[in-house]
Amino acid sequence: MNLESVSSLEQFKLDLVKLEQEQLLMLIEKHQNLIKVSNKTALKKLPLLFETVLNLGNSKGFSATSLRDISQATDMSLGAIYTYASSKEDLLLMVNAYHIAIIENCYEAFGKPYDSPFDNLLLSIKIHLYLSQIYRPWFYFAFTETKHLSKKNIRQSKASELKSEQFFHNIIESGIHDKSFREHSSDFSAAMVKSLLQDWYLKPWKYSNRGISLEDYNLEIKRLLTLYLLP
């Protein structure tokens, strides 16, 4: 993926397909102790299982969701599901690991290509908005359901949250250091950016009712940060 990928959400989706396949294959190879089907079969069935886990988790709550629910929603037998995971917690760990890996790899792929910290910050915000638009069910689930999960899943979710916030923090810190940004708490500023991004995928109805598109929202964040950060 390169800077042309963020020219539009549609282009970003297209360029994301290869990364999705790569991460899915890596996940399958990493969990060979759980996954007892061929890679070809797993590549076909795991996205359906992941989508179902998130849909059920968001609609009825993960704690109330059983493997039997997942079986019925996917038209897969319980025996077939057990060839991918021994429990719903195992499935969720894979769901989280898959999405976290894609997000982290996206940021690594783009890096910080500009000399200007402000331009790098805007790029990272746009990438996050695009990712949360494409993977909204997972972003929503990760925010709302974490407290109901196992300790291992909670640690995984918290680490991901802090890592993405740290990315914004580092860019803001570099801008303060080279005096292209005004003096602010980089911790607070990064947390503020993260909160703005979360509002987009947690309350889509609010912006839909106001006729605010994804690109509109991205532009308003830019305007706000221009006033807040730039001298």
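Note that the coordinates shown come from a computational prediction; the quantities given were computed from them, not determined experimentally.
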Between H99 and F141, is the gap from one ring center to the other below 6.0 Å?
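Centroid separation for H99 and F141: 6.0 Å or greater.
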Flag the pair [X] / [Y] as yes when at least one side-chain heavy-atom distance between them is below 4.5 Å, and no otherwise.
X    : Y    : value
L3   : Y114 : yes
E51  : P137 : no
L46  : L49  : yes
Q133 : L129 : no
H177 : E173 : no

Test K126 against E215 for side chain to side chain contact (heavy atoms under 4.5 Å, CB included), laying out the working first.
CA-CA 9 Å; K126 192 172 188 181; E215 300 300 339; 4.1 Å; yes
Indicate yes or no: does R223 engage E220 in a salt bridge with an N to O separation below 4.0 Å.
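Judged by the 4.0 Å cut-off on N to carboxylate O distance, R223 and E220 do form a salt bridge.
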Answer with yes or no whether the side chains of [Y] and [X] bring together a donor and an acceptor at under 3.5 Å.
X    : Y    : value
Y207 : D199 : yes
T65  : K60  : no
T52  : N55  : no
S180 : D178 : yes
S186 : H169 : yes
S38  : T41  : yes

Is the count of non-hydrogen atoms from other residues, nucleotides or ligands lying under 6.0 Å from R68 atom CZ greater than 12?
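Result for CZ/R68: open.
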Verify the neighbour count for atom NZ of K206: are there more than 12 heavy atoms of other residues, nucleotides or ligands below 6.0 Å?
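For K206, atom NZ is crowded (more than 12 foreign heavy atoms under 6.0 Å).
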So does M76 get a backbone contact from the side chain of S71, meaning a donor-acceptor N/O pair under 3.5 Å?
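It does hold such a pair.
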Walk me through whether S189 and Y228 qualify under side-chain hydrogen bond (donor to acceptor under 3.5 Å, both in side chains).
CA-CA 9 Å; S189 299; Y228 180 71; 3.2 Å; yes
